[in-house]
Amino acid sequence: MITGKNYKFWFCTGSQDLYGDECLAHVAEHAKIIVAKLNESGVLPYEVVWKPTLITNELIRKTFNEANVDEECAGVITWMHTFSPAKSWILGLQEYRKPLLHLHTQFNEEIPYDTIDMDFMNENQSAHGDREYGHIVSRMKIERKVVVGHWSDPAVQEKIASWMRTAVGVIESSHIRVMRVADNMRNVAVTEGDKVEAQLKFGWEVDTWPVNEIAESVAAVSEADTNALVEEYYSKYEILLEGRDPAEFRRHVAVQAQIELGFERFLEEKNYQAIVTHFGDLGALKQLPGLAIQRLMEKGYGFGAEGDWKVAAMVRLMKIMTAGKKDANGTSMLEDYTYNFVKGKEGILQAHMLEICPSIADGPISIKCQPLSMGDREDPARLVFTSKEGKGIATSLIDLGNRFRLIINDVDCRKVEKPMPKLPVATNFWTPQPDLYTGAEAWILAGGAHHTAFTYDLTAEQMGDWADAMGIEAVYIDKDTNIRDFKRDLKLGELFYR
Ligand code: MN
């Protein structure tokens, strides 16, 4: 289901006619070469499209408005090859509504010491042309990303690539529709929030559906379709009977296959990309959706448990931001469960009742059927695995009553020391940066939730830039965090975002 459009980014070069047609011809030629080389680099996840050089306020305004209405355009990259008087940009920038990157580069990498003259200086003056342009964007308080360096530098290309995924997150956020088939778990605070404000800020539509309508869709799935999917499960995953009768086990698995198909059809028909469930509100469903939800998350659906629509939307957002990423390691909802406080081995065991996305799995994936300690249904089938090692980010979007805050924690995922044979759920295990003690203290001071939207495939910078674009506060917990500064940042946020 992970879709996302075939997005493109426009490359708009600023200049003026003061230096004559020959200079303008060079400007256009240089920009075309840069665009071609960026596209050939293989680093960028989306195509860059060259646009005619912008030298008048009429053309600038027209180009930005065309970018606004072009459904495939996810953002504009701007670069001032020569000096481009920034008043010409005001109206266009005022009317522009999509992500903006200011690529502060120049065509030549090295100063041509032997040949440089004033003609060269006038033609290649990004160093001050981009400052004039940057001034007006700052004065207008427009969110943009600034990337500095030579366009052929792989590090610069990586930064452009990274920003492109943020930009797609900004554009796609307003296409996220969350289906709630249950309200929030009774008395739970942090999973609550203002859904109208979320639509105003992020563009998310969060709708409630009676659980039995989706249960009817499940019941309508034919036995043949269900059996075919069960076959797929049995060929793909290890079956851990653990003493259960094979036929009974298979019947339990079939319930999840039927749920997967019924849910998927219902979500597709109603155009939702994320779903929330609640173990205490299952209507006619025979089991809490476990394996079924795990498979849907792997296909790109967002998910939040116990009515947690914010996490559902965030997981979907991260799925679409990372779509098509080479060597992606996965994205999932997770929940902080249990600590290891042994010195030198500190970390947090991450899990949930069932619903962890197999995209983060490392090694074999098994199916188990086990009773749930909560709820009143059949023993649900679920996928069990451990997760990859490596760096990731855990995020929590919270509603503080008058505004949203996104908390972003760099975490280091690793294997637990020993297998946990009696634990019938998928797990991850991580140490928050800068260390468990500081990381958890900062998280709690910031009001972060127990549910997180986690990914190996995005950076704190990308999610922070997304939050900036949405006009909400982002706080970072990383290798540089210390509690005194962090508390001051929270206080400053109270002032800035009130
Ligand atoms: Mn939970």
Side-chain angles (χ1 to χ4, degrees), residues 178-193 195 206 208 211 256 259 263 274-283 285 287-298 301-319 330-339 347-360 368 370-377 379-385 387 392 394-399 406-407 409 411 420 423-430 432 440 443-444 446-455:
V178 182
M179 175 181 285
R180 313 172 78 212
V181 293
D183 201 343
N184 295 68
M185 186 173 165
R186 279 186 288 280
N187 286 319
V188 175
V190 78
T191 60
E192 281 285 2
K195 298 189 287 294
V206 185
T208 299
V211 64
Q256 293 288 334
I259 293 174
F263 271 36
I275 185 166
V276 299
T277 61
H278 177 355
F279 66 87
D281 188 0
L282 293 173
L285 296 172
Q287 297 175 11
L288 174 64
L291 197 162
I293 287 291
Q294 294 178 285
R295 298 256 315 175
L296 289 174
M297 247 192 289
E298 191 177 25
Y301 287 93
F303 173 74
E306 293 100 49
D308 194 340
W309 53 269
K310 298 198 298 300
V311 162
M314 287 301 294
V315 170
R316 170 59 187 168
L317 179 78
M318 290 170 152
K319 294 272 185 191
T331 299
S332 182
M333 172 199 160
L334 281 163
E335 182 167 40
D336 299 299
Y337 250 95
T338 297
Y339 287 119
I348 317 171
L349 187 65
Q350 304 288 324
H352 202 257
M353 291 169 75
L354 305 172
E355 313 92 330
I356 306 300
C357 179
S359 66
I360 66 171
K368 291 193 182 197
Q370 288 273 341
L372 273 187
S373 51
M374 290 191 267
D376 55 358
R377 301 298 153 120
D379 302 353
R382 78 286 304 272
L383 298 173
V384 180
F385 51 84
S387 299
T395 68
S396 175
L397 179 70
I398 57 167
D399 186 335
L406 182 67
I407 300 149
N409 192 181
V411 298
M420 299 174 287
L423 190 65
V425 289
T427 57
N428 198 343
F429 180 80
W430 69 53
W443 186 275
I444 286 170
H450 48 280
H451 290 164
T452 55
F454 163 84
T455 184

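As the structure lists them, so they are numbered: ligands from 1, and atoms in each ligand from 1. Just so it is clear, the model here is predicted, and its values are computed rather than measured. For the numbers below, each heavy atom of this structure counts, side chains included, while hydrogens, waters and symmetry mates do not.
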If you consider just the N/O/S atoms, which atom of Glu306 is the closest one to the Mn ion (ligand 1)? OE1
Trp309 versus Arg180, closest heavy-atom pair with distance: CD1-NE, 3.7 Å
Exercise: identify the closest heavy-atom pair between His450 and Glu335: CD2-OE2, 2.7 Å
Is the distance from the Mn ion (ligand 1) to some N, O or S atom of His352 under 2.8 Å? yes
Which atom name does His451 have for its N/O/S atom nearest to the Mn ion (ligand 1)? NE2
Under a plain distance cut-off of 3.5 Å, with no hydrogens placed, do Asn184 and Glu306 share a side-chain donor-acceptor pair? no
Shortest non-hydrogen contact from Val384 toward Leu423: CG1-O, 4.3 Å
